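Residue numbering restarts at 1 for every chain, and letters A, B, ... go by the order of the sequence lines. Owing to the predicted nature of the structure, the values given are computational and were not obtained by experimental measurement.
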Amino acid sequence: MIIKQLSSNDTGETGGHQGGILVPKKMEILNFFPTLPKEEKNPRIQLTFIDDAYKQWEFNFIYYNNKFFGGTRNEYRLTGMTKFFKFYHLKAGDKVNFNKHERVYKIGYERNNIPETNGKLKLTNSWITVKMK
DNA sequence: AGCCATGCACCG
DNA sequence: CGGTGCATGGCT
């Protein structure tokens with residue numbers, strides 16, 4: 001499974017209203033998600049995730065690739081997560097984990113234990129891949 | 001490469 | 001009319 005530590009921009013705390021997280025271009029991560037056609041501009045796919053409470057969430061996995069169409073973007077994003085963040089009151093520093101079990105996408109979260117995280121918190125390697133046996 | 005930020009469209 | 005999400009540019 002893969003785990004993402006939320007950045008402040010992911011949750012909208014920076015004032016942004018993106019409503020989603022950024023997905024790095026790492027094979028281990030991208031392999032988890034469906035493959036999006038790079039021939040197409042900004043291809044997207046809707047994914048349904050189920051959390052621990054068996055609640056369903058619809059997220060959009062989008063490949064912003066306008067780099068190949070005259071723009072400058074070349075990155076993946078998982079959007080439409082604002083409801084999820086709000087429902088569980090997740091904030092920057094908290095972690096969200098994704099899992100795929102029998103063709104079913106699962107989502108979970110993990111709160112950050114670090115108390116003194118009030119100010120800006122620098123995130124490096126915010127994504128973690130966990131090999132499941 | 002990854003995170004920050006925003007104009008605008010859409011929708012309640 | 002205000003919040004949300006898309007698409008995109010900017011900054012580090």
Between C1' of B:dC3 and CG of A:N9, the distance in whole Å: 6 Å

With A:Y54 via side-chain contact (heavy atoms from CB on, under 4.5 Å) - residues at least two apart: A:I50

For atom CZ of A:R77 and atom P of B:dC4, their distance in whole Å: 11 Å

For A:E110, all residues meeting side-chain contact (heavy atoms from CB on, under 4.5 Å), sequence neighbours excluded: A:K95

DNA chain C contacts among residues 64-74 of chain A, heavy-atom distance under 4.0 Å: A:Y64, A:N66, A:T72, A:R73

Euclidean distance, atom CD1 of residue A:I21 to atom C1' of C:dC6 [Å, nearest integer]: 17 Å

With A:Y109 via ring-ring contact (aromatic ring centres under 6.0 Å, His included) - residues at least two apart: A:Y88

Set of side-chain contact (heavy atoms from CB on, under 4.5 Å) partners for A:T79, sequence neighbours left out: A:N60, A:I62, A:R77

Contacts of type ring-ring contact (aromatic ring centres under 6.0 Å, His included), residue A:Y64, not counting sequence neighbours: none

Between P of C:dG10 and CD of A:E75, the distance in whole Å: 13 Å

Residues which pass side-chain contact (heavy atoms from CB on, under 4.5 Å) with A:K67, listed by chain and number, not counting sequence neighbours: A:N74

I'd like a table of atom pairs between the protein and nucleotides 1-5 of chain C - only N or O on both sides, under 3.5 Å - with the distance next to each one.
unit_1	atom_1	unit_2	atom_2	d
C:dT4	OP1	A:K86	NZ	2.1
C:dT4	OP2	A:K86	NZ	3.3
C:dG5	OP2	A:T82	OG1	2.3
C:dG5	N7	A:H17	O	2.8
C:dG5	O6	A:H17	NE2	2.9

Spacing of A:N42 atom CG relative to C:dC6 atom C1', expressed in whole Å: 9 Å

ring-ring contact (aromatic ring centres under 6.0 Å, His included) partners for A:F68, two or more places apart: none

Distance in angstrom units between A:K41 NZ and C:dT8 P, rounded: 4 Å

A:T48 and A:E58 side chains, donor-acceptor separation under 3.5 Å: yes

